[in-house]
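Side chains are part of it too, since the values below use all heavy atoms of this structure and drop only hydrogens, waters and symmetry mates.
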Amino acid sequence: GDDEGMKMEIGEVRCTPKEREVFDTLLEAVEHFKLEVTLRVAGGWVRDKLLGRESDDIDIALDTMLGKEFAEKVNQYLEAKGVETKGIGVIQSNPEQSKHLETATMRVRDVWLDLVNLRSENYSEDSRIPEMEFGTAKDDAYRRDLTINALFYNINEKKVEDFTERGIEDLKRGVVRTPLPPRTTFLDDPLRILRAIRFAARFGFDVDSEIGASASDPDVQHALKNKVSRERFGKEVLGMLKGRSPADALALMLAFKISPIVLQVATQSVVDTVTESADALSLYTTRCVEEVLEEIGSDWLDEENKIWLYLAAWLQPLGKLGNVDGFAGYMASGGIPAFLAWPAVLFEILAGAA
């Protein structure tokens, strides 16, 4: 399970032999082509390593090249050495959906890497589509979602870099905070509100108070409603349901008054009274399930059914509001019948455990 509580022990980044091999290969390619590029692992991998966890989510940020250009160079180098190479995938940027950068994906020595350039943006709130420019690592760090996710591991120099000067401190103190003022960070990509919630619940961290205030800002809520695809919502919610405490995540979602937006519940206003009482009940049901599973153990449940159980607990009281099926629908691929059966099973379990 995930670690409980505050005052995290922060270690150092220790690469596995496999990671070291991959990083060395990348550095050899840089050397071979005499590329003027610094390679940094960005974000979650660095955070997890500092917390003493393993991570297979390696995102490489480049300061002077696009991911695709560098990926092609790496493959050229590997081919020259007689190593079999795999194709390069490119995921286009999509500023309308707040996906600001093109990402290249490739396999190096059987490890998947995402390659992306550092970004700096000339940002004006009225411009729909920001200008993409190469940024410094510091610009890029401030453009990220949370300080604890804005740490870099410089592969060239084998050291951790904390350009916001808050990331390591916030990791130690157990605080979820945005590098720039939350309103700016959230308007850049409103889904980050859900990411803040997911990481706070996952690690048991406190949420910086300004985040809550910005989450209920009308402009931010409007952007959350209109700029984020259902798939991206689904991915974050799934992360919450799989996490250490789905109920903690839900509590934050309710505190920030965003659950109607996440669920696309057709309410007149975000603080609609029906929703509020349903929300309170949702949180209660979800907490009950969490306590029951803690009490009786959850080994008998596979991950997928555990997700359905929590989702059923969360959505059960909202059934009266309509359109919740639509939400369950994009969480499932045709698994709705199982989902609809869960409340009945759930109450049997609760009755049995009581």
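- Under the side-chain contact (heavy atoms from CB on, under 4.5 Å) criterion, Ser214 pairs with Pro182, Arg183, Phe186, not counting sequence neighbours.
- Scanning for side-chain contact (heavy atoms from CB on, under 4.5 Å) contacts around Asp48 gives Arg53, Ser55, Arg202, Phe203, with sequence neighbours left out.
- Checked against side-chain contact (heavy atoms from CB on, under 4.5 Å), Glu84 has the following partners two or more places apart in sequence or in another chain: Lys86.
- Residues Asp63 and Asp140 fail the side-chain proximity criterion, which asks for heavy atoms closer than 4.5 Å.
- In this model, no donor atom of one side chain and acceptor atom of the other lie less than 3.5 Å apart for Thr178 and Arg192.
- Other residues, nucleotides and ligands contribute at most 12 non-hydrogen atoms within 6.0 Å of the OH atom of Tyr284.
- No more than 12 heavy atoms of other residues, nucleotides or ligands shown are found within 6.0 angstrom of CG on Asp56.
- Take Asp248 and apply the side-chain contact (heavy atoms from CB on, under 4.5 Å) test, not counting sequence neighbours, and it matches Ala201, Arg244, Ser245, Arg287.
- One side chain, Thr85 or Glu79, offers a donor N or O that lies under 3.5 Å from an acceptor on the other.
- Every residue two or more places apart in sequence or in another chain that forms a ring pair (Phe, Tyr, Trp, His ring centres under 6.0 Å) with Phe23 is listed here: Trp45.
- The pair Arg177-Asp208 meets the salt-bridge criterion, with a side-chain N (NZ, NE, NH1 or NH2) lying under 4.0 Å from an Asp/Glu carboxylate O.
- Of the residues listed (Lys49, Arg40, Lys158, Glu161), the one engaging Tyr153 in a side-chain contact (heavy atoms from CB on, under 4.5 Å) is Lys158, and it is the only one.
- Criterion: ILVMFWY side-chain heavy atoms under 4.5 Å apart, direct or through other members. Under it, Phe163 and Leu180 are not part of a common hydrophobic cluster.
- Looking at Ile258 and Leu194, their side chains come closer than 4.5 Å, going by heavy atoms from C-beta outward.
- In terms of heavy-atom proximity, Val46 sits nearest to Leu151 at CG2-O, 3.6 Å.
- The closest side-chain heavy-atom distance from Asn156 to Leu27 is below 4.5 Å.
- The pair Asp189-Arg232 meets the salt-bridge criterion, since a charged nitrogen lies less than 4.0 angstrom from a carboxylate oxygen.
- Not counting sequence neighbours, the partners of Tyr77 by the ring pair (Phe, Tyr, Trp, His ring centres under 6.0 Å) test are His32.
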